[in-house]
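Just so it is clear, the values below take in all heavy atoms, side chains as well, and ignore hydrogens, waters and symmetry mates.
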Protein chains: 2
Amino acid sequence: MTRVLVVDDDPAIVRALVINLRARKYEVDSAEDGAGALRAAAARHPDVVVLDLGLPDTDGVDVIRRLREWSRVPILVLSARHASGEKVQALDAGADDYVTKPFGMDELLARLRAAVRRAEPADGGDVVVETGTFTVDLAAKKVHRDGRDVRLTPTEWHLLEALVRAGGRLVGQRQLLREVWGPSYGTETNYLRVYMAQLRRKLEADPSRPRHLITEPGMGYRFEK
Amino acid sequence: MTRVLVVDDDPAIVRALVINLRARKYEVDSAEDGAGALRAAAARHPDVVVLDLGLPDTDGVDVIRRLREWSRVPILVLSARHASGEKVQALDAGADDYVTKPFGMDELLARLRAAVRRAEPADGGDVVVETGTFTVDLAAKKVHRDGRDVRLTPTEWHLLEALVRAGGRLVGQRQLLREVWGPSYGTETNYLRVYMAQLRRKLEADPSRPRHLITEPGMGYRFEK
DNA sequence: CCGGTCCTTGACGCAACCCTGACGCGCGCG
DNA sequence: CGCGCGCGTCAGGGTTGCGTCAAGGACCGG
């Protein structure tokens, strides 16, 4: 879950933001001055900071600078000042975006999404699924087993991907055929038999007794961790 | 030097931006419609795009989406519309920032600096990638091998860069073609064969048995350390 | 005007992949 | 008990995809 730190000395604005963000499944912390903001940022490591420039104790730009000394968290500045000098200062100090009050909530949320989205892929969001015998990396399109890479043909990979993406649920033969071979297929269940066998030969410890690539007779197939 | 692509159908705005940017030592390209923008982006690989939403040929949001299919270049949207719906659309399509006309030049420049600054370290996590046989310096655009520089042609470099930037993930042939040759390509897989062979000849210890520039038959290519 | 570099394009051989048909087996049902 | 059905296995043949080489043309600098 994405964690947001909201910093503003106006309780009304904090409340409005907290309610809106929580409703959208963000995890929200808040602070009402610069010192509290820096403390909260250090303690909670938010994924994005919404920062009002007009704080009671510190100059907002100074808060940005202090934050930037050790963190790259996206900072979205909120300010009542329209003067371009303020904006330039804040942005050059390390802010990522600058929104003037009064602001539209949906615009702010969109800017927030943009800021978070940008920061994400740096971490590397590969989806890896592990079983007792092998490992599937959906992002890298790689399969690992016993410390070695397993070579899969395109069709084999598509089939495995469709099963793994289903996340343990049963996938009907029709659906499987459509996903892998295209929408005009649906009855060629022999394809499934052949390629499931090949997958099991490459991935299962005992291909004749599959533990992860399970067939549900008459219905379809299922991937189990 | 930072390369900027300016897209606007109003010559006055383009001229103003070009002059201001050039004065600040940016390298500037420009386009006046969506098609030209996509072409220029593919050909020149800008570090940031300034994009007007009101283009004559294409919907601006569509340009963003097309760009995002193959590129992560920061996009700064310029628009005369203040409606928040437009902003949300553009930002969610993949834009990084949204500025309404008329805009202050210094504010725009500050937002541009912010966008570029953000993008730099994201790519530059490991600017230098080493393998057992050769070294790729993404920042300096140089390849080292056995203590000497390897001379790569522009196309060879683009291809290598696209693979290395993927960080071990498989890159599909379509995507590779689009990133290197531009969005209008996608089926010319023979290009890939020729240039992969040249890269392997220059970089692999045994070009006929590549260890780092791997082909996954029917799917794409992969760079491995 | 000439030489070199780089990109594009075509042809060819070879390996790998996809499809297909045949067979065996277990199971349920008539 | 015989039969049909669904599934797993195997092997062969047509086709595709990949690597390689070489030639033609555009572009640039001398």
Side-chain angles (χ1 to χ4, degrees), chain A residues 141 143 149-160 162-163 170-174 176-182 184-222, chain B residues 39 42-45 141 143 149-163 170-174 176-182 184-222:
Chain A
K141 296 200 197 305
V143 183
D149 285 351
V150 181
R151 270 188 44 82
L152 295 186
T153 73
T155 312
E156 286 164 6
W157 170 258
H158 281 140
L159 183 56
L160 179 63
L163 286 171
L170 172 78
V171 187
Q173 339 201 34
R174 281 188 87 81
L176 221 35
L177 281 163
R178 293 224 175 114
E179 277 190 48
V180 178
W181 278 269
S184 61
Y185 292 75
T187 57
E188 297 80 349
T189 58
N190 47 326
Y191 293 10
L192 291 178
R193 291 202 294 276
V194 171
Y195 280 94
M196 284 301 297
Q198 286 178 358
L199 275 180
R200 293 203 256 245
R201 210 173 307 134
K202 290 184 177 179
L203 300 180
E204 293 276 3
D206 181 356
S208 64
R209 304 230 178 109
R211 296 177 47 104
H212 307 108
L213 301 168
I214 316 259
T215 128
E216 303 278 2
M219 315 200 48
Y221 295 83
R222 193 155 46 82
Chain B
R39 227 178 306 122
R44 306 277 297 159
H45 286 265
K141 297 194 190 300
V143 183
D149 279 359
V150 182
R151 261 189 55 78
L152 294 186
T153 73
T155 310
E156 285 164 6
W157 169 257
H158 280 330
L159 183 56
L160 180 63
E161 188 182 23
L163 286 170
L170 175 83
V171 187
Q173 351 201 40
R174 280 189 85 83
L176 221 37
L177 282 164
R178 287 201 187 153
E179 281 192 41
V180 178
W181 278 269
S184 62
Y185 292 75
T187 58
E188 297 79 350
T189 58
N190 45 325
Y191 292 11
L192 292 178
R193 292 203 295 275
V194 171
Y195 279 92
M196 284 300 298
Q198 286 176 359
L199 275 179
R200 292 204 255 244
R201 212 172 305 133
K202 291 184 177 179
L203 299 180
E204 292 276 3
D206 181 356
S208 64
R209 307 191 47 174
R211 296 178 48 94
H212 308 107
L213 301 168
I214 316 262
T215 132
E216 302 277 0
M219 310 184 61
Y221 294 84
R222 176 203 310 284

Within residues 191-204 of chain A, residues whose heavy atoms come under 4.0 Å of DNA chain C: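 A:Y191, A:V194, A:Y195 - these, ordered by number, are the residues of the stretch whose heavy atoms sit under 4.0 Å from the strand.
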Rounded distance (Å) that lies between atom P of C:dT8 and atom CG of B:L159: 12 Å
Sugar-phosphate only, base, or nothing, as touched by B:T215 at under 4.0 Å among non-hydrogen atoms: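 Result for B:T215 = sugar-phosphate.
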Sugar-phosphate only, base, or nothing, as touched by B:Q173 at under 4.0 Å among non-hydrogen atoms: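 Counting heavy atoms under 4.0 Å across all strands, the contact made by B:Q173 is with sugar-phosphate only.
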Value rounded to 0.5 Å, distance of CD in A:E216 from CD in A:Q173: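 If we round to the nearest 0.5 Å, A:E216:CD and A:Q173:CD are 11.0 Å apart.
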Nearest-0.5 Å distance, OH of residue A:Y185 to CG of residue A:L176: 14.5 Å
Considering only side-chain heavy atoms of [X], which listed nucleotide, [options], is closest?
{"X": "A:P154", "options": "C:dT8, C:dC17, C:dT9", "answer": "C:dC17"}
{"X": "B:W181", "options": "C:dT8, C:dC19, D:dT9", "answer": "C:dT8"}
{"X": "B:R151", "options": "C:dC17, D:dC7, C:dT5", "answer": "C:dT5"}

Sidechain-backbone polar pair: A:E204 side chain, A:R211 backbone, donor-acceptor under 3.5 Å: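 Checked: pair present.
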Lys/Arg N to Asp/Glu carboxylate O, B:K202 vs B:E156, below 4.0 Å: yes
Shortest non-hydrogen contact from A:Y191 toward A:L177: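 Nearest pair, atom of A:Y191 first, then A:L177: CB-CD2, 4.3 Å.
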Heavy-atom pair with the smallest gap, counting every atom of A:L170 and A:G220: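 Here A:L170 and A:G220 meet closest at CD1-C, 3.8 Å.
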Closest-nucleotide 5' rank along DNA chain C - winner of A:E188 and B:T153: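 Closest to the 5' end, via its nearest nucleotide, is B:T153.
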5′-ward residue of the pair B:P207/A:G218 relative to DNA chain D: A:G218
